[in-house]
Amino acid sequence: MHLLLQLSLAASALASAIPAKRLSVANSTIGPYVAPGTEYLSLPDPEFPIKFTQRHSSFANPGYISAVQPLNVQDLSTMVKSFNKKNLRYMATGGGHGISTGFARVQNAIDIDLSKFNTIDLDVEKNLVTVGAANVLADFADSYTGPERKSVTTGNSPCVSAIGATLGAGVGPMQGLHGLMIDSLRSVEMVTPGGDVVTASQTENTDLFWAVRGAGAHFGIVTRATYAVYDATNRGEHVNADFRFDSDAQLGLLNLLKDWDSDEVFPREMAVSVTFSYDHVAKMPTISVSAYYFGSYEAARPYLQKLVDLKPIHWRNETLGWNGMTQAAGFGQTFAKACVRGRYTTHFSAGIRQTDPDTWASVLAKFTDWSAARPWFKGSIILQRYNAKVTQQVPAEDRGAYPGEILGRWSTYDGPNHDVEVREFYQPLRDAIYRTSGFASPQVYVNYAHGDESPEAWYGPSLSRLRLLKQKYDPQNRFGPGFPVSGKPYIIRGQPY
Ligand SMILES: Cc1cc2nc3c(=O)[nH]c(=O)nc-3n(C[C@H](O)[C@H](O)[C@H](O)COP(=O)(O)OP(=O)(O)OC[C@H]3O[C@@H](n4cnc5c(N)ncnc54)[C@H](O)[C@@H]3O)c2cc1C
Ligand SMILES: *[C@@H]1O[C@H](CO)[C@@H](O)[C@H](O)[C@H]1NC(C)=O
Ligand SMILES: *[C@@H]1O[C@H](CO)[C@@H](O)[C@H](O)[C@H]1NC(C)=O
């Protein structure tokens, strides 16, 4: 405590000596609290889009008046304490991929951009990797691909921040082998909502360590995180396969997914992502499937054959390093789209643990009709099937706040000016999916959620403990605006749970 106070004074004394070249708002709100060399500016500023991490989506964005890039954890601690004292609103930006209606509540705020936390450290002896808040999943995936032949468990998208994904749980294709990213998390360095620098792990600050694994955006700012690494399966190679189908394959595919609902039948080495969309040029619905198999081609073949049997219009498969999976998937097309900044996109999601082909057939029929009548509509419905067995075997006391079990199934849409129309269309579809989800009440992976669901849907049985910890660590409620732990439960219209 004493040490932090000294650092904070030193930082402000030094800060007044740096030549200022910034505008008035940033001068008065940020200038006095930063160490020499810290970049900060008032918005708008032409340097903002160049030097600061921009958001993936412009949907319901936070409104910033200024932005700052803390240089290190002490600098960040000083800032948080000073901003708290002056009651200034702020929000951290990691990879900028979060999307929530709740972010729009953050206005006249300071963007705390974590770009400077970008170091990766390997501990080959202890099988650990430590990444910073700015490192994205692609950096994380590439961290151990040298001669060591080790592997981490990661998501399916390159530009999301590794820590950002982990704060919700970190789902991904390798989940069947090594569990969620939170299951690999060993410790974090973080600045608490009060501005203190702490380490949280299974042995230190254990309640914070529990909370960051599922509700991480609520409990301060994580600057660095350490994860376990594993020996790479199949010498680090995996099979990546992509299929394109027309709607004739739909029923067969839904029935196959139903067969694959069981984690005993669907192999833990495998992951599947199915995308339903509408082709406005050909005027027909299309289905694409990306399959990953973390094993040999021979082992993958019987499972790929089940997709081949559904008569794809086109398909391909290749064997490559597992860390190349995001670049290869979607016939090599999804990668670029996932990293674009400033798209107008959001999602409506549902966690489901079983496939109800009738529900999906009806949802997809409505989706096709609706899309066909709206040439501006570029949304899709994505079903992600990851094997959850390893995660379910993690003992409850080791798990963290993530309620677990949820399979990500989500939907996206692009294009402004249609928010109300899109919402009115999607909400009843989502309700229909919730009803046959296999869960007693709506469940959704917090990092895929829209923001209009309930805390019960995001945090499940962890909610009461989270609320107590929130009182203890963030009584002013400065953190976690996207998915607040307080709030009303979401009631499905006509069908209260
Ligand atoms: C194209 C796309 C692909 C995705 N793929 C996956 C996937 O494969 N697996 C998966 O699990 N999720 C995935 N997600 C969801 C993703 O995990 C969330 O959007 C996550 O919140 C993004 O974190 P970020 O740091 O990139 O985003 P940001 O928008 O920077 O942050 C999101 C929220 O977390 C807070 N935050 C960010 N960094 C920190 C930090 N270091 N400490 C404390 N709070 C922080 C922010 O203040 C904000 O409230 C995907 C999202 C998109 C858009
Ligand atoms: C910001 O502060 C610097 C030095 O403190 C000063 O020279 C500059 O004029 C200030 N800018 C504005 C817009 O107030
Ligand atoms: C699938 O992979 C195998 C093994 O590499 C290869 O022989 C076959 O041609 C591939 N099939 C397609 C359609 O890509």
Side-chain angles (χ1 to χ4, degrees), residues 71-74 76 94-95 114 116-156 158 160-167 169-191 197-206 208-210 212-214 216 221-238 268-269 292 294-296 320-326 389-391 393-395 397-400 402:
L71 292 175
N72 54 50
V73 71
Q74 275 74 30
L76 176 63
L114 302 172
K116 293 287 191 276
F117 297 90
N118 60 355
T119 51
I120 301 191
D121 295 302
L122 309 186
D123 186 334
V124 181
E125 291 283 288
K126 291 194 180 138
N127 280 324
L128 297 171
V129 58
T130 301
V131 297
N135 290 113
V136 292
L137 291 177
D139 305 332
F140 188 55
D142 288 340
S143 63
Y144 258 107
T145 47
E148 309 93 358
R149 296 256 179 228
K150 292 183 195 289
S151 155
V152 292
T153 183
T154 181
N156 76 342
V160 170
S161 99
I163 290 177
T166 307
L167 297 178
V171 304
M174 306 174 87
Q175 200 176 302
L177 284 184
H178 307 302
L180 300 162
M181 292 176 76
I182 49 171
D183 298 332
S184 297
L185 190 66
R186 293 295 173 261
S187 68
V188 294
E189 172 193 82
M190 61 191 287
V191 171
V197 181
V198 301
T199 299
S201 70
Q202 289 289 20
T203 53
E204 263 178 284
N205 295 300
T206 49
L208 279 176
F209 190 59
W210 176 82
V212 296
R213 288 174 295 160
I221 301 176
V222 175
T223 44
R224 285 156 62 80
T226 300
Y227 300 83
V229 298
Y230 309 91
D231 289 336
T233 309
N234 193 40
R235 299 179 315 282
E237 293 196 321
H238 87 298
R268 51 188 290 242
E269 294 83 2
Y292 312 79
F294 299 94
S296 67
L320 73 163
W322 66 269
N323 58 318
M325 66 179 164
T326 52
K389 203 172 167 186
V390 172
T391 289
Q393 284 166 351
V394 174
E397 65 271 22
D398 295 341
R399 169 166 291 160
Y402 176 66

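Computed from heavy atoms alone, side chains included, the values below leave out hydrogens, waters and symmetry copies.
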> About how many Å separate OG1 of T391 and CE of M181, when rounded to the nearest 0.5 Å?
Replying inline: 12.5 Å

>> When you compare the side chain of S151 with that of T233, does any pair of heavy atoms fall below 4.5 Å?
In response: no

> For the atom pair CE (M174) and CG (N323), what is the distance rounded to the nearest 0.5 Å?
Replying inline: 8.5 Å

>> Testing the basics here: between V188 and L185, what is the closest heavy-atom pair and its distance to 0.1 Å?
In response: CG1-CD2, 3.9 Å

> Heavy-atom distance under 4.5 Å between the side chains of D398 and Q202, does that happen here?
Replying inline: yes

> Does the side chain to side chain donor-acceptor pair (under 3.5 Å) test come out yes or no for Y227 and T166, once each step is laid out?
Replying inline: CA-CA 10 Å; Y227 300 83; T166 307; 2.7 Å; yes

> Rounded to the nearest 0.5 Å, how far does OG1 of T223 lie from CD of Q74?
Replying inline: 9.0 Å

>> What verdict does the side chain to side chain donor-acceptor pair (under 3.5 Å) test give for Y230 and S184, after you've listed the backbone C-alpha separation in whole Å, the side-chain angles of each residue and the deciding distance to 0.1 Å?
In response: CA-CA 9 Å; Y230 309 91; S184 297; 2.7 Å; yes

> Got a second to check how far R399's CZ is from D183's CG, nearest 0.5 Å?
Replying inline: 7.0 Å

> G176 and R268: which non-hydrogen atoms are nearest, and at how many Å?
Replying inline: O-NE, 3.0 Å

> Does Y144 reach the main-chain N or O of D231 with its side chain, forming a donor-acceptor pair under 3.5 Å?
Replying inline: no

>> If you compare all heavy atoms of M325 against all heavy atoms of G155, which two are closest, and at what distance to 0.1 Å?
In response: CE-O, 3.6 Å

> Taking all atoms of both residues into account, what is the closest heavy-atom pair of A134 and N118, and its distance?
Replying inline: CB-CB, 4.1 Å

>> If we check side chain to side chain donor-acceptor pair (under 3.5 Å) with T226, which of these qualifies: T199, T130, D123?
In response: T130

> Just how far is it from atom OH of Y292 to atom OG1 of T326, taken to the nearest 0.5 Å?
Replying inline: 7.5 Å

> Judged by atom type as modelled, is there a donor-acceptor pair below 3.5 Å linking the side chain of Q175 to the main-chain atoms of G172?
Replying inline: yes

> To the nearest 0.5 Å, how far apart are CG in N135 and CG in L114?
Replying inline: 11.0 Å

> Short question: side chain of R149, backbone of G236 - any donor-acceptor pair under 3.5 Å?
Replying inline: no

>> Taking the side chain as everything from C-beta on, heavy atoms only, tell me whether V73 gets closer than 4.5 Å to V191.
In response: yes

> Going through the distances and angles, do I120 and V129 end up as a side chain to side chain contact (heavy atoms under 4.5 Å, CB included)?
Replying inline: CA-CA 7 Å; I120 301 191; V129 58; 3.9 Å; yes

>> Side chains of F140 and V160, heavy atoms from C-beta outward: is any pair under 4.5 Å?
In response: no

>> Would you say that V171 contacts L180 through its side chain, given a criterion of any heavy-atom pair below 4.5 Å between the two side chains?
In response: yes

>> So P173 and W322, do their side chains get closer than 4.5 Å, heavy atoms only?
In response: no

> Where is the tightest heavy-atom contact between L137 and A162, given as atom of each residue plus distance?
Replying inline: CD2-CA, 3.6 Å

>> For the backbone of G400 and the side chain of W210, can you confirm whether one donor and one acceptor N or O come within less than 3.5 Å of each other?
In response: yes

>> Which heavy atom of S161 sits nearest to which heavy atom of G94, and what is that distance?
In response: CB-C, 4.1 Å

>> Is any side-chain heavy atom of R224 closer than 4.5 Å to one of D121?
In response: yes

> Under 3.5 Å, is there a donor-acceptor pair between the side chain of N234 and the main chain of G295?
Replying inline: yes

> Should H238 and L320 count as side-chain neighbours, where that means a heavy-atom distance under 4.5 Å?
Replying inline: yes

